[in-house]
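Here the structure comes first, spelled out in structure tokens, and everything after it is commentary.
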Amino acid sequence: IGVVMFSAGGDMAQCLNGIHISFGEVLSVLAVICFAAYAILGKCCVREGVHMITINTYGAIVGMIMFAIVSGFKSDFSTLAHTDFEFWASMIYISLFATVVAYVWYLGALEEIGVYRTAVFQNMLPFLVILIGFIFCGETISILSLLFGGVVFLGVYMTNIAVNKK
């Protein structure tokens with residue numbers, strides 16, 4: 001419920017009347033499906049004795065090659081000459097923390113608590129993005145967003161309580 005409310009921007013009337021789905025939202029859902037398949041197939045590979053870090057390393061190498069090919073056709077590299085320190089600091093953060101550290105922790109979670117429980121925590125991502133945008137980028141955040149974020153956290157908590165009782 002909380003995630004749906006985030007998608008509607010906190011507009012209850014929009015939720016009741018149906019949410020308009022744009023092409024970007026379709027791409028987001030497709031990305032989530034691909035990421036879910038990655039988690040499940042990765043877990044299958046682990047059962048065969050391959051460590052998740054190894055799987056992710058090969059995936060990153062193949063992805064890097066694919067991105068290099070696509071960016072060769074779609075990117076304007078001349079703009080890099082006019083970038084500042086903030087840009088490069090952001091790139092280093094994205095490379096080291098948002099990619100490597102986050103994936104190592106995510107893969108550790110998959111191995112430690114499994115796909116299901118790890119996926120439950122992923123429900124917090126939309127709220128955390130809004131919260132981090134508010135803190136670091138000065139994005140606006142509404143009371144309803146905070147409320148729906150609380151609903152998401154409550155759902156994650158309740159799910160984990162239920163799973164731990166089994």
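Positions are given from 1 along the sequence.
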Just checking F153 against F148, ring centres under 6.0 Å apart?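 Centroid distance F153-F148: not below 6.0 Å, so no.
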Within a reach of under 6.0 Å around [atom1] of [X], are more than 12 heavy atoms found that belong to other residues, nucleotides or ligands?
{"X": "F23", "atom1": "CZ", "answer": "no"}
{"X": "Y58", "atom1": "OH", "answer": "no"}
{"X": "I143", "atom1": "CD1", "answer": "no"}
{"X": "Y157", "atom1": "OH", "answer": "no"}

Under 4.5 Å between side-chain heavy atoms, hopping through other hydrophobics if needed: is there a path connecting [X] to [Y]?
{"X": "I40", "Y": "V50", "result": "yes"}
{"X": "L125", "Y": "W105", "result": "no"}
{"X": "V32", "Y": "V129", "result": "no"}
{"X": "F85", "Y": "W88", "result": "no"}
{"X": "V156", "Y": "I113", "result": "yes"}

Check the pair F97, I92 against side-chain contact (heavy atoms from CB on, under 4.5 Å), reporting the backbone distance first and the verdict last. CA-CA 8 Å; F97 295 102; I92 290 169; over 6 Å; no
How long is the straight-line distance from [atom2] of [Y] back to [atom1] of [X], given to the nearest 0.5 Å?
{"X": "K74", "Y": "S71", "atom1": "NZ", "atom2": "OG", "value": "11.0 Å"}
{"X": "I61", "Y": "M66", "atom1": "CD1", "atom2": "CE", "value": "14.0 Å"}
{"X": "L41", "Y": "C34", "atom1": "CG", "atom2": "SG", "value": "10.5 Å"}
{"X": "I141", "Y": "L131", "atom1": "CD1", "atom2": "CG", "value": "5.5 Å"}
{"X": "I130", "Y": "S142", "atom1": "CD1", "atom2": "OG", "value": "7.5 Å"}
{"X": "T140", "Y": "F134", "atom1": "OG1", "atom2": "CZ", "value": "9.0 Å"}

Heavy-atom side-chain contact between I65 and I69 under 4.5 Å: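 They are in side-chain contact.
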Y38 and N56: side-chain donor and acceptor closer than 3.5 Å?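 On atom types as modelled, these side chains qualify, holding a pair under 3.5 Å.
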Side-chain donor-acceptor pair under 3.5 Å between T54 and T57, yes or no?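 Looking only at side-chain atoms, T57 and T54 do not form any donor-acceptor pair under 3.5 Å.
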Looking at [X] and [Y], what are the two nearest heavy atoms and their distance?
{"X": "V104", "Y": "I53", "value": "CG2-CD1, 3.9 Å"}
{"X": "I55", "Y": "C45", "value": "CD1-CB, 3.2 Å"}
{"X": "A98", "Y": "A102", "value": "O-CB, 3.4 Å"}
{"X": "T99", "Y": "I94", "value": "OG1-O, 2.8 Å"}
{"X": "V152", "Y": "N123", "value": "CG1-O, 3.1 Å"}

Using the ring-ring contact (aromatic ring centres under 6.0 Å, His included) rule, take F35 and Y106 through it: C-alpha gap first, then chi angles, then the decisive distance, then the call. CA-CA 12 Å; F35 203 70; Y106 175 75; 5.2 Å; yes
